[in-house]
Amino acid sequence: MNSIKVKASAHPTMGIVLLGGLSDPALRLPYHNSAGICYSLADRESVAETTLTITDKKMENTLNGETLDAKDTRSPFKLIDLYKEQINRKYSGHIYFNSVNRNIISGSSDAGAAALGKCISWLLPDVDKNDLELNMRKVSESAGRSFYGGLTVTEGIEKPLTRQILDESKFENYRILSVVFPHKRKPSDDIHFNQPKSEYYKKRIMNADQNVITLKELARKNQIKDIFELAMRDTDDYHYLNSLVDVKIVTEEMKVLMEEVQEIRKKMWVTYIVTGGNSVFLVTEEKDVESIRNVALEHSREIHLLKVTGGARVIQTG
Ligand code: MEV
């Protein structure tokens with residue numbers, strides 16, 4: 001029997017209405033609705049490229065060229081194993097996984113899980129997409145954002161589902177500068193398993209759910225600037241909660257930049273987003289990118305220009 005191969009790519013994501021709090025490390029179900037965008041470096045594709053090969057030949061499973069530990073709790077095999085039987089009903093042979101991250105600055109698990117989900121949905125076109133998303137989130141809770149691309153909302157608690165509400169073309173006139181600070185990022189699970197311990201978390205759930213309702217309304221009217229204004233308010237609320245549970249994502253250096261952005265906003269439109277990593281994302285109109293980059297250079301030497309992108313794609317089969 002001939003071998004079959006499918007390769008898919010997907011971009012990383014960032015929260016617009018930030019996700020915080022997960023039911024447990026295995027199912028990774030949220031306690032509130034959330035929203036996000038898919039992004040890439042503006043001049044080079046930031047992608048996870050994942051290949052599934054079904055063959056009788058002996059191969060290795062690899063991630064970024066290194067042999068993969070299939071027993072890891074968030075291993076891609078947690079997802080592949082759920083579809084193994086169905087895949088082998090159509091194609092016989094061992095299923096091998098190979099994935100590389102290209103130009104991804106931080107946090108690649110969402111893109112990796114979405115690229116893998118795309119490979120599975122190509123091999124099994126009749127697969128239930130909602131079940132697939134629930135299964136992808138066991139590898140990464142934000143895989144749905146990366147799978148669908150553009151601006152997405154993820155709604156539901158027991159069965160959270162993601163859908164695109166604006167495609168990437170609506171963001172063409174906007175640029176995002178990722179201002180990277182030279183400290184190591186904390187695992188997102190510090191956020192997910194500490195936020196729910198706060199009394200304020202009940203309020204956060206209400207705020208996030210309300211922000212998603214408002215966001216959908218703004219998206220319906222194509223009010224892109226207002227979408228990023230909402231994202232900035234959501235960032236402030238999210239990190240206020242993190243500070244209450246001693247999860248310090250926003251360092252003093254990041255805070256200084258965020259405060260300067262608040263001053264600049266009196267003269268020019270710019271907003272910020274901080275997710276779980278060591279970057280402050282500055283959102284500007286394309287025409288103002290250079291001025292904002294000059295401000296950012298006073299704070300960090302590592303700055304990347306980003307743009308909003310679409311969802312996961314099959315890029316090669318054979
Ligand atoms: C990762 O699960 C979620 C954060 O990156 C926030 C977000 O992007 O919504 C920590």
Side-chain angles (χ1 to χ4, degrees), residues 10-40 46 48 73-74 104-114 133-134 136-157 160 162 165 176 178 180-181 184-196 198 201 204-205 207-209 211-212 215 227-228 230-251 254 271-281 283 306 308-309:
H11 302 281
T13 77
M14 73 174 83
I16 291 294
V17 176
L18 295 155
L19 174 62
L22 292 176
S23 62
D24 66 87
L27 294 177
R28 308 186 77 77
L29 293 169
Y31 296 117
H32 62 71
N33 296 341
S34 59
I37 47 174
C38 240
Y39 69 91
S40 167
S46 312
T73 34
R74 288 169 75 185
I104 295 185
I105 306 146
S106 103
S108 57
S109 62
D110 46 6
E133 184 179 344
L134 289 178
M136 286 192 298
R137 70 180 301 126
K138 295 173 188 166
V139 182
S140 167
E141 58 282 0
S142 13
R145 292 177 187 168
S146 180
F147 192 85
Y148 292 106
L151 173 67
T152 51
V153 288
T154 304
E155 297 174 289
I157 304 305
T162 302
I165 56 170
I176 302 171
S178 166
V180 184
F181 287 80
K184 210 164 167 273
R185 74 168 282 160
K186 297 217 174 64
S188 309
D189 279 359
D190 282 5
I191 299 175
H192 292 312
F193 298 109
N194 281 304
Q195 281 197 350
S198 168
Y201 193 62
R204 172 64 194 156
I205 291 178
N207 291 348
D209 286 346
N211 282 347
V212 170
L215 181 78
I227 286 173
F228 287 118
L230 178 142
M232 186 168 71
R233 290 195 299 277
D234 192 77
T235 280
D236 288 340
D237 190 46
Y238 188 79
H239 292 287
Y240 168 67
L241 170 55
N242 282 334
S243 74
L244 296 179
V245 289
D246 274 339
V247 176
K248 200 161 177 54
I249 306 293
V250 178
T251 60
M254 290 163 80
T271 62
Y272 57 70
I273 295 169
V274 178
T275 62
N278 54 341
S279 291
V280 176
F281 297 104
V283 187
L306 311 177
V308 179
T309 56

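Both ligands and their constituent atoms are indexed starting at 1 by order of listing. When a residue number appears, it is its place in the shown sequence, counting from 1. The figures here come from the full heavy-atom set of this structure, side chains too, leaving out hydrogens, waters and symmetry mates.
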Short side-chain to backbone donor-acceptor contact, N194 and D190, under 3.5 Å: yes
Sequence-distant partners of F193, ring pair (Phe, Tyr, Trp, His ring centres under 6.0 Å), two or more places apart: none
Short N-O contact, R28 and D189, less than 4.0 angstrom: yes
Parallel, tilted or perpendicular, as decided by the 30° and 60° cut-offs, for the rings of Y201 and H32: tilted
Pairs where residues 241-250 contributes a residue and the test side chain to side chain donor-acceptor pair (under 3.5 Å) is met, not counting sequence neighbours: Q195-N242, H239-N242
Salt bridge (Lys or Arg N to Asp or Glu O under 4.0 Å) partners for D237, two or more places apart: R204
Atom pairs and distances, ligand 1 N/O vs protein N/O under 3.5 Å:
{"residue": "ligand 1", "atom": "2 (O)", "partner": "E141", "partner atom": "OE2", "Å": "2.4"}
{"residue": "ligand 1", "atom": "2 (O)", "partner": "H192", "partner atom": "NE2", "Å": "2.9"}
{"residue": "ligand 1", "atom": "8 (O)", "partner": "G15", "partner atom": "N", "Å": "3.1"}
{"residue": "ligand 1", "atom": "8 (O)", "partner": "R145", "partner atom": "NH1", "Å": "3.0"}
{"residue": "ligand 1", "atom": "9 (O)", "partner": "L19", "partner atom": "N", "Å": "2.8"}
{"residue": "ligand 1", "atom": "9 (O)", "partner": "R145", "partner atom": "NH1", "Å": "3.4"}
{"residue": "ligand 1", "atom": "9 (O)", "partner": "R145", "partner atom": "NH2", "Å": "2.8"}

